[in-house]
Amino acid sequence: MSLQPAISDSAARIRATGRAPQLAIVLGSGWDGISSAVDDPLDIPYGELPAFPKLAIAGHAGVLRLGRIGGREVALLRGRKHTYESGDAAAMKGALRTLAAIGCGTVLLTNAAGSLDPAMRPGSLMLIEDHLNIVQRTPLHDEPGNERFVNMADAYDPALRRQAKDAAAAAGITLHQGVYAWVLGPQFETPAEIRMLQRLGAQAVGMSTVAETILCRHAGLKVLGISMLTNMGCGMEAEVLSHAHTLNTADATRDTAAKALQAIIPALSI
Ligand code: HPA
């Protein structure tokens with residue numbers, strides 16, 4: 001199915017539930033704890049949403065969970081496709097455009113990332129204030145028209161950022177702030193690459209989110225981004241990086257992440 005009919009079908013499937021989410025949250029590693037805090041949950045497998053990605057990992061087919069958090073209508077995207085899985089930077093295009101089609105105007109992008117700042121420790125959270133598209137890939141290369149020349153100033157909405165920071169602080173959770181650098185992965189960085197990214201002005205490094213931010217801004221969706229820092233960048237400390245290590249810290253930080261989202265979601269002016 002080509003993209004436009006797939007988006008129309010996916011939007012119709014969601015509308016048929018009678019739910020009208022105002023906020024979508026893309027859940028990265030470690031962020032899924034919030035799923036159990038959804039009131040009146042209703043799940044739609046990605047398999048029933050033709051514009052949504054087909055996920056490769058067995059047992060994690062991908063589910064869209066509709067419901068309420070803090071009285072707010074939300075849609076949780078439990079599962080994302082990364083550019084490193086297929087080489088396709090537009091893997092989330094259909095899903096994000098479906099959100100735009102159903103009138104969901106704001107997307108909260110979450111991820112796991114490596115910290116490049118010695119003061120930002122593993123297990124803490126960082127509000128993304130801007131990004132570096134180190135990969136220099138775009139999800140918009142086949143877009144016609146002048147809208148493809150998307151303005152990326154304030155891509156991470158300043159008002160939403162302020163509200164998120166204040167709400168987290170009120171809940172006793174520190175949200176660091178910094179620049180997120182997108183690397184393609186799936187290999188981790190070399191120590192030389194980590195030093196390069198630090199010099200370029202990044203505080204965190206990860207393998208997702210940036211292409212999604214570009215897609216959201218192109219579709220007119222507001223973006224808020226939060227990274228869970230699961231490790232220090234390669235070579236900064238003695239620890240040996242691995243996916244298992246990332247997942248261990250992500251697991252240990254699960255409750256903090258869920259608590260932060262529960263505080264932040266009702267505070268956003270959406
Ligand atoms: N580098 C890139 N992506 C990551 C890292 C990292 O150190 N940790 C979690 N995701």
Side-chain angles (χ1 to χ4, degrees), residues 25-34 53 55-57 60 77-89 91-92 108-137 139 156 174-214 224-258 260-261:
I25 309 169
V26 179
L27 297 173
S29 304
W31 289 92
D32 197 53
I34 191 69
L55 300 188
I57 308 164
H60 297 273
L77 280 75
R78 304 179 72 186
R80 63 148 57 96
K81 189 145 187 158
H82 302 85
T83 304
Y84 65 72
E85 295 177 66
S86 62
D88 180 10
M92 294 296 286
L108 169 46
L109 299 171
T110 66
N111 61 42
S115 171
L116 304 175
D117 180 337
M120 297 187 188
R121 304 303 304 167
S124 62
L125 305 178
M126 186 193 92
L127 194 59
I128 302 176
E129 52 185 35
D130 203 346
H131 72 224
L132 289 173
N133 182 350
I134 297 294
V135 180
Q136 281 297 292
R137 297 278 299 277
Y156 301 87
T174 303
L175 269 190
H176 300 296
Q177 291 194 79
V179 172
Y180 174 90
W182 177 32
V183 294
L184 186 56
Q187 73 286 348
F188 285 108
E189 301 68 49
T190 63
E193 286 167 342
I194 291 297
R195 291 193 296 274
M196 172 188 78
L197 295 170
Q198 288 172 321
R199 282 177 198 159
L200 292 177
Q203 282 73 44
V205 57
M207 305 174 192
S208 68
T209 304
V210 165
E212 294 159 13
T213 300
I214 296 168
L224 181 65
I226 311 180
S227 293
M228 172 190 288
L229 303 172
T230 52
N231 56 277
M232 301 309 290
C234 178
M236 291 176 69
E237 291 187 352
E239 66 186 343
V240 176
L241 300 191
S242 67
H243 190 52
H245 179 279
T246 298
L247 293 183
N248 277 342
T249 315
D251 228 36
T253 314
R254 222 179 141 76
D255 291 349
T256 308
L261 291 182

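For ligands, and for the atoms within them, numbers begin at 1 and follow the listed sequence. Residue numbers start at 1 and run along the sequence shown.
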Query raised in the report: Would you say the side chain of N133 lies within less than 4.5 Å of the side chain of I214, judging by non-hydrogen atoms?
Result: yes

Query raised in the report: In chain order, what residues pass the side-chain hydrogen bond (donor to acceptor under 3.5 Å, both in side chains) check against T209, with sequence neighbours excluded?
Result: N111

Query raised in the report: Which protein heavy atom lies closest to atom 5 (C) of ligand 1, and at what distance to 0.1 Å?
Result: G114 N, 3.4 Å

Query - Side-chain heavy-atom pair M228, W31 within 4.5 angstrom cut-off - result: yes

Query raised in the report: Which is it for A113 and ligand 1 at heavy atoms under 4.0 Å: side chain, backbone, both or neither?
Result: backbone

**Report entry** Pairs meeting criterion side-chain hydrogen bond (donor to acceptor under 3.5 Å, both in side chains) with involvement of residues 243-253, two or more places apart
**Finding:** E239-H245

Query raised in the report: Which protein heavy atom lies closest to atom 3 (N) of ligand 1, and at what distance to 0.1 Å?
Result: G206 CA, 3.4 Å

Report summary line: of all protein heavy atoms, closest to atom 2 (C) of ligand 1 is E189 OE2, 3.3 Å

Report summary line: One should read off an interatomic distance between M232 CE and R121 CZ, to the nearest 0.5 angstrom, of 5.0 Å

Requested in this report: Would you tell me which option among T249, T246, V205 has the nearest heavy-atom contact to atom 4 (C) of ligand 1?
Outcome: V205

Report task. Could you list the atoms of ligand 1 found under 4.0 angstrom from a heavy atom of A112? Result -> 9 (C), 10 (N)

Report task. Select one of side chain, backbone, both or neither to describe which atoms of T230 lie under 4.0 Å from any atom of ligand 1, heavy atoms only. Result -> side chain

Report summary line: In Y156, W182, Y180, the residue satisfying side chain to side chain donor-acceptor pair (under 3.5 Å) with H131 is Y156

Query raised in the report: Hey, is N231 touching ligand 1 through its side chain, its backbone, both or neither, going by heavy atoms under 4.0 Å?
Result: side chain

